[in-house]
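For reference, the structure discussed in these notes is given below.
Note on naming: letters A, B, ... go to the chains in the order of the sequence lines (proteins, then strands), and numbering restarts at 1 for each one.
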Protein chains: 2
Amino acid sequence: MGATVCINGTTKARKGRPVPVTIRDVAKVSGVHVSTVSRTFSAPHLVNPATRARVLEYAEQLGYRPNRAARALITGRTHNIGLIVADIANPFFPPLIKAAESHARGRDYHVFVADTNEDPGVEEELVLALAKQVDGILLCSPRMSNTQIEKLSRDVPLVVVNRPVPGLPAVVMDVAQGARLAIEHLTSLGHRHIALLGGPRGSWNNREIRRSATLYTRAAGSELTVLGPNLPTEDSGIAQAEAITQTGATAVLCYNDLMAVGLIDGLERLGVSVPDQISVVGVDDTSLSRRTRPTLTTVATPTAAAGRAAVDMLLQHGDDRRTNALVTLQTELIIRNSSGPARRQ
Amino acid sequence: MGATVCINGTTKARKGRPVPVTIRDVAKVSGVHVSTVSRTFSAPHLVNPATRARVLEYAEQLGYRPNRAARALITGRTHNIGLIVADIANPFFPPLIKAAESHARGRDYHVFVADTNEDPGVEEELVLALAKQVDGILLCSPRMSNTQIEKLSRDVPLVVVNRPVPGLPAVVMDVAQGARLAIEHLTSLGHRHIALLGGPRGSWNNREIRRSATLYTRAAGSELTVLGPNLPTEDSGIAQAEAITQTGATAVLCYNDLMAVGLIDGLERLGVSVPDQISVVGVDDTSLSRRTRPTLTTVATPTAAAGRAAVDMLLQHGDDRRTNALVTLQTELIIRNSSGPARRQ
DNA sequence: TCAGGTACTACAAACGTTTGCAGTCGAACT
DNA sequence: AGTTCGACTGCAAACGTTTGTAGTACCTGA
C-alpha cells in the first residue's frame, strides 16, 4: 500500500550486502510483538486472521524469509536430511537421489547429498559430520558393519537403504525375487548351466541374489557357477569376461547393470556373441540398460520409490527410533535382447 | 581420565535420544569458561596449549560436536553451499556434483543438491528457499533470464556454471573452441555438408556452438544446416533422425552426448549406418560416450574441474560480489568411432 | 620500582527464532 | 453482576555458539 516500507528509519537495501530482514523488522512495521509474527508462520491458528493478514503482507513486502538456523537452534529440528551414497556417478543412484530430494522438498525438507567414493572409512566420518546438521540420514548401500551402523544410529536417526540392519528402519528391494525371475527366465530358455557374476563383498543384495539364484537354479535342475566377489563396476565386468567363458555357462546373471554392460563388452571383444552364444542379465534397470547393444534384460528395482519410502520412514519415526520397520519393494524382470535361447552345443 | 565423565552430575546417555553435549558441558568438566572452549576450536592460538589439550581431551571424551546452526546464527556463515542443477539423472551432472561436493567438503563446507526437473520456474523458488541456509549457490546451466539471475544475486552470492552472466562470477566451458575442433575434424574428413542438431532455446552453450560451427564450416568452404531448438534429451535425438537424413548432410554435430546417442539410435532404426553413411559427434564426453556402439566422438568438457572452480570462486569472493570474474575452461576433441570419412556420394 | 606489554581467561551481549506463561478483553453463561 | 471461558497478544527466557571488552598474572626493560 502506497510507499514501500523502510526499516529502522532507513531503507535496508544497502549496497552489496543482502537485506537481513528479521522477524523483528516485520514486527516493528506491523506494530505487533515478535512472538505474534513468529506464530503467524509457525502456528497460524493462534493469531487473529486480520493480524495475520497484515503481518503476512508486511513480511512479503520486506522480503522476510525465516532464518532456518535460528529456528533449528531452538526447535532442535533442522528440516534437513542427509543422503549418503557410494558414488553419485553410478547410474543406480541419481534416480534415487532425485526422488528423495523432490519428495523431501515437498515436505519442506532439504537434502544434503554426500558421496563416499566407495570408501567405507569416509562413511562414518560423513555421518558424524552431518549429524548435527540434519534431522536424519539416509544411508544408501552402506559398506559399514552392522554394529558400526548401530552405534552411529545413537547419534542421529538413520534409515538404511538396500540393506536391512536389525533394529533400524530400512528399505530394501526384493532382489531375491528378482533373481528368481531371472533364473526362471533363463532356465525356461533352456539354459542348464548358469554363471553368477557376483558383486562386492559387503553387499547384502549380493548375498540375496546368490542365495536365491542358487536355490532356483537347483530347483530347475540346472547348475550354477559363482564368480566373485568383484567391484560392481563396468571394468570388472570386462575383466571377468574370459573367466565367464571358461565356466562353460551359457547364461550369466550379473550383480548389476554396470557389470552386465561391461561383461557384454568384454565378451564381444572375445568374439562371443550376446545373446546368441551367451545370455546376459543385469540387475537394477538403470538408464544404461536401454542403451546397450543388445539392450539389456534386467531385474528392475524401484529406486525412485525406494528414495521416497526412505524419506517417509525417516520423517515418520522422527523420534522413536529402534523400530524394526522394514520396507521391501517388489522387483520385476524386464526382458530385452541380451537374453535368448540356449545354443545347441 | 580413568572414570568416564558425567555431565550435570548424571550420565547423559539417556535412552533413545542422542546426547546433546554442548560447549557448556565441556566447559564445566574441564573447569574453564565456555568462551575458552569456543576458542579452543575457532581460534586455537588464543588459548594456552595446556588448557587446549585438556579441553580437547574432555571434548573428545564427551563426544562433543559443535552445533553448526548455533555457529551459523552468530557468524552469519553456514558453511553450506547450494548446488542447483537441471537434472541429476542427466549424466552430465553427476561428475560435476561429485567434484564440487568433495572439493567443498575438503574446505569444510557441505553441499545441498537440488534438482529443478528442467523447470525454470522452480529454479527461482529453489534459490530463495536455499538462500538463508547457505553461504552461496552454484547455479548450473540455469534457464532463467539474466535479469532474473541478477535480481536473485542480491539475496545470495551466486556463481553461474555453463553460462556467463554480466556482473556475476561464472565458469564456462570453451565449447566454441570444441565446436571448432569438431567441425575441423569433420571437414578434414571430407564432409562438405554438416548438420547441427541444436539444443534448448535458453542455452548459452547452444548459441556458442552454433556461432562457432557456422563460422568454421564457412571457413572450410562447407555448408551447415541447423536444426532446433530441441530438448537436450535422448528422445529428441531419436526423433530428429529422419529430419537429419533429409538435410542431406553427411555429418552431424550434436548439442550434447545424450542427443548424439539418441540420434545414432534413430539413424540405425532408419537403416542409416554410423559412421559409414553419417558421422555423429557429441559434446560433453559423458560416461555414455564410451558405451555406445559405435563409441562416440565427442567434445570433452572438463565438468569436474568446472565444479571445483565454481566452488573456489564462491568461497573466494564470499562478500565482494559484483565481480566480473569469468573462468573459461578448455575443451578438447575426443575422436572415437562415430566419425569417419565422408562417403562417396 | 614501575610502566608497559604479553599471554591468557572470564564476562556478557549478541544472533533470530520459539514457546510457556501471564495478561487483556469481550462474550457467554449462571 | 459475577464468573468462566476463549481468543488473542505480549513478555521473557531459552537454544549453543562467537566475540569485543575487561581483567588477571606474569614478565620485561628502564
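Counting heavy atoms from C-beta on, the side chains of A/N80 and A/F112 come closer than 4.5 Å.
Using a 4.0 Å cut-off, no side-chain N or O of B/H33 falls inside it from OP1 or OP2 of C/dT9.
Residue A/I23 places its side chain closer to C/dT17 than to any other of D/dG16, C/dT17, C/dC8. Ranking C/dT19, D/dG16, D/dT19 by closeness to the A/S35 side chain, first place goes to C/dT19.
A salt bridge is defined here as a Lys NZ or Arg NE, NH1 or NH2 lying under 4.0 Å from an Asp or Glu carboxylate O, and A/D115 with B/R105 fails to meet this definition. In this structure, A/R65 does not pair ionically with B/D155, as no charged nitrogen and carboxylate oxygen lie closer than 4.0 Å.
Comparing B/R39 and B/T75 by the nucleotide of DNA chain C that holds the closest heavy atom to each, the one mapping nearer the 5' end is B/R39. Between B/T36 and B/N67, the one whose closest nucleotide on DNA chain D sits nearer the 5' end is B/N67.
Taking atom CZ of residue B/R68 and atom P of nucleotide D/dT18, one finds them 11 Å apart after rounding to whole Å. In this structure, the NZ atom of B/K28 is 14 Å from the P atom of C/dA10, given to the nearest Å. In this structure, the CZ atom of A/R77 is 24 Å from the P atom of C/dG16, given to the nearest Å.
Side-chain N/O atoms of A/R71 and base N/O atoms of D/dG16 include no donor-acceptor pair closer than 3.5 Å.
Remark: B/D108 CG to B/R68 CZ distance equals 5.0 Å, nearest 0.5 Å.
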